[in-house]
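So the structure is just underneath, and the comments pick up after that.
Chain letters run A, B, ... following the sequence lines, proteins first and then strands; every chain starts at 1.
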Amino acid sequence: MARTHLISQVGPDLEGQEVGLAGWVYRYRDLGSVIFIVLRDATGIIQAVVRSEEVDPNSWEAAKKADVEASVKLAGVVRLDPRAPGGVEIRVTRASLVGESPDFPIKKDTGVEFRLDKRHLDIRSRRMWAALKIRAEFIAGLREWFDSNGFVSVEAPTFVSAAVEGGATLFELNYFGRKAYLTQSSQFYLEAAIFTFEKVYTIQPSFRAEKSRTRRHLTEFWHAEAEMAWHDLDAMMDVAEALVDHAVQRVYENRKEELEILGRKFEPPQRPYPRISYDEAIDIAQSKGVQIEWGDDMSTEAERAVSLEFDRPVFVYRYPKQAKAFYHAPDPARPEVVLCADLLAPEGIGEIIGGGQRIHSYDELVARIREEGLRVEDYEWYLDLRRYGSVPHAGFGLGVERTVRWIAGIPHIRDAVAFPRTPTRLTP
RNA sequence: GGCGGGGUAGCUCAGCUAGGUAGAGCGCCCGGCUGUUAACCGGGCGGUCGUGGGUUCGAGUCCCACCCCCGCCGCCA
């Protein structure tokens, strides 16, 4: 029995024609001498009708055993019928069972935790299918933009010997008897690579050993990072905006069906994205009744208040120095703030990008490391980048799952990735 | 790390305030059904009530300790 078509190719135009399909049983309804099998493949779903008097005994027996998520091959004639979901179905002429599926664990009335325990099976669901296709499209859009705008992709190591940001929590591991860590950002490696390629990017996981139990946090998340020589803060925001816009547009153009399945009514935001200062953001938050003082880092509540003021992503730039990591370049005109910017997604989603201009002077960088109480010797190779041909540069990191969560309207970040890692989840 | 919620059948939950023979829906198993839409109809199986201790004639229910899970905040992408 040959597979002649993918399900998405079976439409009204094929009425009366015999097709061979292969896939998995999405729904199964046995009425005695007629069986309805809703078949799923990578491309879509379609109803198949098996009638006892229309198929040979072997096919009938196969259809009887085609439980939910069994793999099957079906041959049949395409028919239009208003009673079929989508209006098109196939009248089965032959059926064979490829792999049985006795008592598939995921049924109706399953809770969030149970489905996460069975995530290796739950990714077969329409909901996860749609979310993961949107994610893949978004990542392809990021890569497409970088590749066509002069960026070279550079991969950084996952095993590292020291922190990028002092204070942030690292996963420690034993590296042949030495302490090593899982990377929390590829930034320092990308900074090294700008001296080779000027504009570089990477899309790879970062790890944070923070017990953050929220809808915005994973312990392992995919991090799209870019670093650009000869760029200042404004140029960095230009890059980030163009990148996000491109990838978002691509998802919007190519993943309409998937957004529909998720019930997401999404319109790509208009450019330009507003750019406001930290000072203005604090004013907005305070005017909305948020308890926050100049000098505090933006709280989740403050970010939400600010992002809800705009119908598109908004950059917040020039935070107080004490709220940001040591490598951020101070504003020469106002040394108490640094040349950084975060991009807040709309609808209260919050931060999806963090970045800014880096300190490129050796002396300044050493002074800031000492000021933060960090050990200069931990940053020896990083300091070399300021010893040899240092240039002004800037970069940023984008949280892939956070951005996908916004685009697809996914309530919890764990559903923006196939196999999420959270403080309590290591399986599957 | 702080605050809040929760752990009872394979799954989703009720029962706890006022201690008295452990329940429902779904699933599963068996049977029926020629147009179902996570079908429907009939029957059946199924639980050391998170763990340990205490009070009591009697504890899922009250008390103590512990473990685990979920959400929010902090931290960040």
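- Cation-pi check for Arg312(A) over Tyr273(A) is not met; the charged atom does not lie both under 6.0 angstrom from the ring centroid and within 45 degrees of its normal.
- Here rC11(B) is the nucleotide among rC76(B), rC11(B), rC33(B) with the atom lying nearest to any side-chain atom of Thr110(A).
- Taking side-chain N and O atoms only, Arg213(A) has a distance below 4.0 Å to OP1 or OP2 of rC70(B).
- A cation-pi arrangement is absent between Lys199(A) and Phe197(A), since the terminal nitrogen or guanidinium carbon is not both under 6.0 Å from the aromatic centre and inside a 45° cone about the axis.
- No more than 12 heavy atoms of other residues, nucleotides or ligands sit less than 6.0 Å from atom NZ of Lys211(A).
- Across rC13(B) and rC49(B), the matching C1' atoms stand 13 Å from one another, rounded to whole Å.
- Contact annotation: His217(A) does not reach the phosphate of rG74(B) (side-chain N/O to OP1 or OP2, under 4.0 Å).
- The base of rC72(B) lies outside donor-acceptor range of the side chain of Arg216(A), with no N or O pair under 3.5 Å.
- The nearest whole Å value for the distance from the CZ atom in Phe114(A) to the C1' atom in rC68(B) is 18 Å.
- The side chain of Arg304(A) places an N or O atom within less than 4.0 Å of a non-bridging phosphate oxygen (OP1 or OP2) of rC73(B).
- Pair assignment for rA24(B): rU12(B), on the basis of Watson-Crick or G-U wobble contacts that are both within less than 3.5 Å.
- On the P atoms, rG58(B) is 15 Å away from rG19(B), given to the nearest whole Å.
- Across all strands shown, rG46(B) has no partner, as no Watson-Crick or G-U wobble contact with both distances under 3.5 Å is found.
- When atom types are taken as modelled, the side chain of Arg115(A) and the backbone of Thr110(A) share no donor-acceptor pair closer than 3.5 angstrom.
- The base of rG74(B) is paired with the side chain of Ser212(A) by a donor and an acceptor separated by under 3.5 Å.
- For Glu89(A) against rG35(B), a side-chain-to-base donor-acceptor contact under 3.5 Å is present.
- Distances shown here put a side-chain N or O of Thr424(A) below 4.0 Å from the OP1 or OP2 atom of rC70(B).
- Counting distance only, with no hydrogens placed and no angle test, the side-chain atoms of Arg91(A) and the base atoms of rG35(B) include a donor-acceptor pair under 3.5 Å.
- Residue Asp297(A) is in sugar-phosphate contact alone, with no base atom involved, counting any heavy-atom pair closer than 4.0 Å across all strands shown.
- Within the structure, a side-chain polar atom (N or O) of Arg414(A) is placed less than 4.0 Å from OP1 or OP2 of rG71(B).
- Looking at Tyr201(A) and Arg143(A), their side chains do bring a donor and an acceptor atom within 3.5 Å of each other.
- Checking rC73(B), rA38(B), rG71(B) against every side-chain atom of Thr214(A), the shortest atom distance belongs to rC73(B).
- At whole-Å resolution of the value, CG in Asp122(A) and C1' in rC11(B) are 13 Å apart.
- The ring of Phe36(A) does not lie on top of the base of rG35(B); it is either too far (5.5 Å or more) or too tilted (30° or more).
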